[in-house]
Structure formats: C-alpha cells, structure tokens
Amino acid sequence: LGPFVVRDALVAMRERHFVSVHFNLTKDGGALVTCDSPAWLSWLTYRCIVAFGIYSTAHALLTRIASPFLAAFASTAPNAVGAG
C-alpha cells in the first residue's frame with residue numbers, strides 16, 4: 001500500500017489514520033513486537049524519514065537512540081498460528 005498523501009502528519013498519527021495487521025501463518029513464525037509510541041516520537045521519525053530516507057544514517061541513529069524508550073513501552077503478540 002502507498003504511497004500516501006498526508007496533509008497533516010501529526011493529526012494523522014494522533015488520530016491513528018494508519019493501521020497495520022499482522023498474524024502468523026505457520027507455527028513458530030515469530031512474535032510481533034509493537035509500540036504505542038507518543039505522537040511526537042512518531043512525528044519525529046516521520047520527519048526524519050521524509051528528510052533523509054528510511055535507510056539513512058540519520059534514521060538509523062534516531063532508531064538507535066529511541067530504542068530503549070520504545071522497548072519500555074513495547075508489547076509482544078503471542079507466537080501462535082493465527083495470533084497477532
């Protein structure tokens with residue numbers, strides 16, 4: 001899906017305009033880890049990707065710096081067929 005035209009990224013993030021659906025098709029397919037991060041962090045990440053690209057050094061650095069914060073608020077989905 002995409003690309004998306006987003007008129008106000010912060011509003012779209014705050015109002016949860018984007019939805020992602022994941023589930024396992026096979027046994028031991030891996031567990032999905034998600035984070036309900038604050039809107040400001042989503043916006044900062046979005047701006048970094050728009051400015052420098054998703055595979056940029058800037059994005060990698062931001063992800064590394066934010067990782068401990070994100071891990072504190074992460075939740076892991078069950079590792080079972082059909083769960084997610």
Side-chain angles (χ1 to χ4, degrees):
L1 298 174
F4 300 101
V5 175
V6 180
R7 294 186 185 186
D8 188 333
L10 190 56
V11 170
M13 288 175 223
R14 190 173 35 239
E15 293 178 356
R16 301 174 184 272
H17 291 190
F18 305 100
V19 176
S20 181
V21 177
H22 302 265
F23 55 90
N24 287 336
L25 295 174
T26 61
K27 182 179 176 188
D28 298 326
L32 175 67
V33 179
T34 60
C35 182
D36 194 15
S37 61
W40 64 266
L41 183 56
S42 295
W43 181 84
L44 181 62
T45 303
Y46 167 79
R47 294 303 313 154
C48 181
I49 292 170
V50 168
F52 303 105
I54 197 163
Y55 299 111
S56 66
T57 301
H59 183 247
L61 182 61
L62 176 60
T63 301
R64 183 168 287 243
I65 291 168
S67 290
F69 175 78
L70 296 172
F73 296 97
S75 59
T76 303
N79 185 12
V81 175

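What you are looking at is a predicted structure, and each value in this text was computed from that prediction instead of being measured.
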Chemist: Working to the nearest 0.5 angstrom, can you tell me the gap between Asp8 CG and Glu15 CD?
Modeler: 8.5 Å
Chemist: Can you name the closest pair of heavy atoms from His59 and Gly53 and give their distance?
Modeler: CB-O, 3.7 Å
Chemist: Linking Ile, Leu, Val, Met, Phe, Trp and Tyr through side-chain heavy atoms less than 4.5 Å apart, which residues share a cluster with Ile49?
Modeler: Ile54, Tyr55
Chemist: Would a 4.5 Å heavy-atom cut-off, applied to side chains only, mark Leu41 and Phe69 as touching?
Modeler: yes
